[in-house]
Number of protein chains: 2
Amino acid sequence: MAKGALSAKAPEERRELILRATVAVVRERGFAGTRVADIAEAAGTSQGLVLYHFGSLAGALDQALTLLEDEFYVDLEHDLQEQKGPIERLRHMAELGTGLGPAVGDWRLWLEIWSRALHDDDARETRESLDRRWRAALRDVIAEGVSTGDLRSTDVDGAVVRLASLMDGLAIQLALEDPVMTPDRFTDLWWEAARLELGMMTTS
Amino acid sequence: MAKGALSAKAPEERRELILRATVAVVRERGFAGTRVADIAEAAGTSQGLVLYHFGSLAGALDQALTLLEDEFYVDLEHDLQEQKGPIERLRHMAELGTGLGPAVGDWRLWLEIWSRALHDDDARETRESLDRRWRAALRDVIAEGVSTGDLRSTDVDGAVVRLASLMDGLAIQLALEDPVMTPDRFTDLWWEAARLELGMMTTS
DNA sequence: GGAAATCCTGAACAACCGTTCAGGATGAAG
DNA sequence: CTTCATCCTGAACGGTTGTTCAGGATTTCC
């Protein structure tokens, strides 16, 4: 009972365990600073196993990114569908900065993904599709609000891109802990921008 | 006439040459992908000289970042002071995305700086002070516009942070070449947001 | 013009890291 | 129980990279 320290009873679980460990390491050290040894240690396995399952370090990072993408979107969809009307959903989006969503609000990871996307085509496409889905969700909420008369907009496309981009920009200050930004201020600033864009009445 | 291939006649110029080469390499490969050998090759010198002047690779990167910070700000100030009134200056800011400013509009470098700031305290402070100056310039323009009556705002502080953050967010799409973004659209989107925030009349 | 400080090079060193590999352990199939 | 494919490990290999260093070239200072 010496070798094969951790039984091979559930290779599928083992794969996911390694991917989650990879995400944890990336969160801490960044994509560029993540080593195979770090992943193995965080997952409690050997370096060899990481390479056995994913072929290379780049493979492990790519798979981890894919896992992240799925979870980001699942989290967002799930959270949004809990809200009743368009105003409530919009408000919920404004509160993403407060760390409610388990994965969506992990802004440091977003910065990592952006910089990786600069030099890795796979990461670029992953980010792009993720942003497309995020903007589509925002567009749906706004379109619904316009149709119910709760919101007003003469340029829905423009409003969507502006509000989505504003959230990214605010997220940078939050991730880098700029003194001008706090989670509450993040929410307030974005909510005020949404009011300006979408003709909402005074704060409820 | 064999050794000392490049004469030591101007060590100060040589330092700057190396720093500019460093910036060029970072622009292409990113902070994490920049090697001492790359810098030496780009500068046309030896690896040893890079280390001689800056002590370490990290030292060279830090100094290059400082050089960038200075140039960013000098460029911005210079460009802005060429404009007559607050509206013109604001418009000029909106056009930063079109690549007019020689260094300011280099959005890929911004993404690099942000991700480096996540894991390097020096880079974090450099970015923070740079952002502070950039927001101060924006605030001055808005304050001037409000005082002359060209602009209206009930919340100058909020408008400044929102418009500065929006520019960062739009810059991300531009740097990553997202299909929804072009330099012209960047300008249009930010300009429209400024109009919404600052109560400007119809497009001139 | 000579000595000392500075500038610069190319090679060598040492550490790090991704990947490979031979083989042991485990679970499934027959 | 035997056999075979799969899962897993730990050590070793090879390439890359930051840094050091001895010494040559150049400039500065007297």
Side-chain angles (χ1 to χ4, degrees), chain A residues 1-26 28-65 112 116 119-120 122-123, chain B residues 1-26 28-65 112 116 119-120 122-123:
Chain A
M1 63 172 293
K3 299 298 185 61
L6 291 167
S7 66
K9 63 178 175 182
E12 209 55 38
E13 294 178 10
R14 185 64 59 92
R15 270 181 59 97
E16 188 176 329
L17 179 73
I18 293 175
L19 284 182
R20 296 199 179 281
T22 303
V23 172
V25 175
V26 169
E28 197 171 340
R29 305 220 207 286
F31 276 104
T34 296
R35 318 269 167 244
V36 178
D38 298 328
I39 298 174
E41 186 185 10
T45 67
S46 66
Q47 282 185 243
L49 189 62
V50 177
L51 279 302
Y52 171 78
H53 276 303
F54 304 103
S56 67
L57 171 62
L61 293 177
D62 283 348
Q63 301 262 352
L65 196 54
E112 292 291 344
R116 182 171 174 83
H119 306 103
D120 180 298
D122 286 337
Chain B
M1 64 175 294
K3 298 299 185 58
L6 289 166
S7 66
K9 63 177 176 184
E12 209 53 39
E13 293 178 12
R14 186 64 57 93
R15 269 180 61 96
E16 187 176 329
L17 178 73
I18 293 175
L19 285 182
R20 295 198 180 282
T22 303
V23 172
V25 175
V26 169
E28 197 171 340
R29 303 220 209 289
F31 276 104
T34 296
R35 316 269 167 247
V36 177
D38 299 328
I39 297 173
E41 186 185 10
T45 68
S46 65
Q47 281 185 246
L49 189 61
V50 177
L51 279 303
Y52 171 78
H53 277 303
F54 305 104
S56 68
L57 171 62
L61 293 176
D62 283 348
Q63 302 261 352
L65 195 54
E112 292 291 345
R116 182 172 174 83
H119 306 102
D120 180 298
D122 287 336

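Chain A is the first sequence line, chain B the second, and so forth, proteins listed ahead of strands; every chain is numbered from 1.
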Spacing of [X] atom [atom1] relative to [N] atom [atom2], expressed in whole Å:
X	N	atom1	atom2	result
B:Asp38	D:dT17	CG	P	8 Å
B:Arg15	C:dC7	CZ	C1'	13 Å
B:Glu12	D:dT27	CD	P	16 Å
B:Leu17	C:dC8	CG	C1'	14 Å
A:Phe54	D:dC7	CZ	P	12 Å

So, are A:Arg116 and A:Asp62 salt-bridged, with charged N and O less than 4.0 Å apart?
->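 Judged by the 4.0 Å cut-off on N to carboxylate O distance, A:Arg116 and A:Asp62 do form a salt bridge.
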Test: A:Glu16 and A:Arg20 ion pair at under 4.0 Å =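 Judged by the 4.0 Å cut-off on N to carboxylate O distance, A:Glu16 and A:Arg20 do form a salt bridge.
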Check every strand shown and say whether B:Leu49 touches a base, only sugar-phosphate, or nothing at a heavy-atom separation below 4.0 Å.
->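 Result for B:Leu49 = base.
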Checking all strands, does B:Leu57 fall into the base, sugar-phosphate, or nothing category for heavy-atom contacts under 4.0 angstrom?
-> sugar-phosphate
Among [options], the one nearest [X] by side-chain distance:
X	options	answer
B:Arg35	D:dC8, C:dC8, D:dG18	D:dG18
A:Arg14	C:dT19, D:dC8, C:dC17	D:dC8
A:Leu51	D:dT20, C:dT20, D:dT17	C:dT20

Are the side chain of B:Glu112 and the backbone N or O of B:Phe31 linked by a donor-acceptor pair below 3.5 Å?
->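 Yes.
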Considering just the side-chain nitrogens and oxygens of A:Tyr52, establish if one lies under 4.0 Å of OP1 or OP2 belonging to D:dC7.
-> yes
Phosphate-side-chain proximity, A:His53 and D:dC8, N/O vs OP1/OP2 below 4.0 Å |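 For A:His53, the contact criterion (side-chain N or O under 4.0 Å from OP1 or OP2 of D:dC8) is met.
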Please test A:Ile18 against A:Phe54 for side-chain contact (heavy atoms from CB on, under 4.5 Å), starting from the C-alpha separation and ending with a verdict.
-> CA-CA 10 Å; A:Ile18 293 175; A:Phe54 304 103; 3.5 Å; yes
Toward the 5' end of DNA chain C, by each residue's nearest nucleotide, A:Gly55 or B:Gly48 = B:Gly48
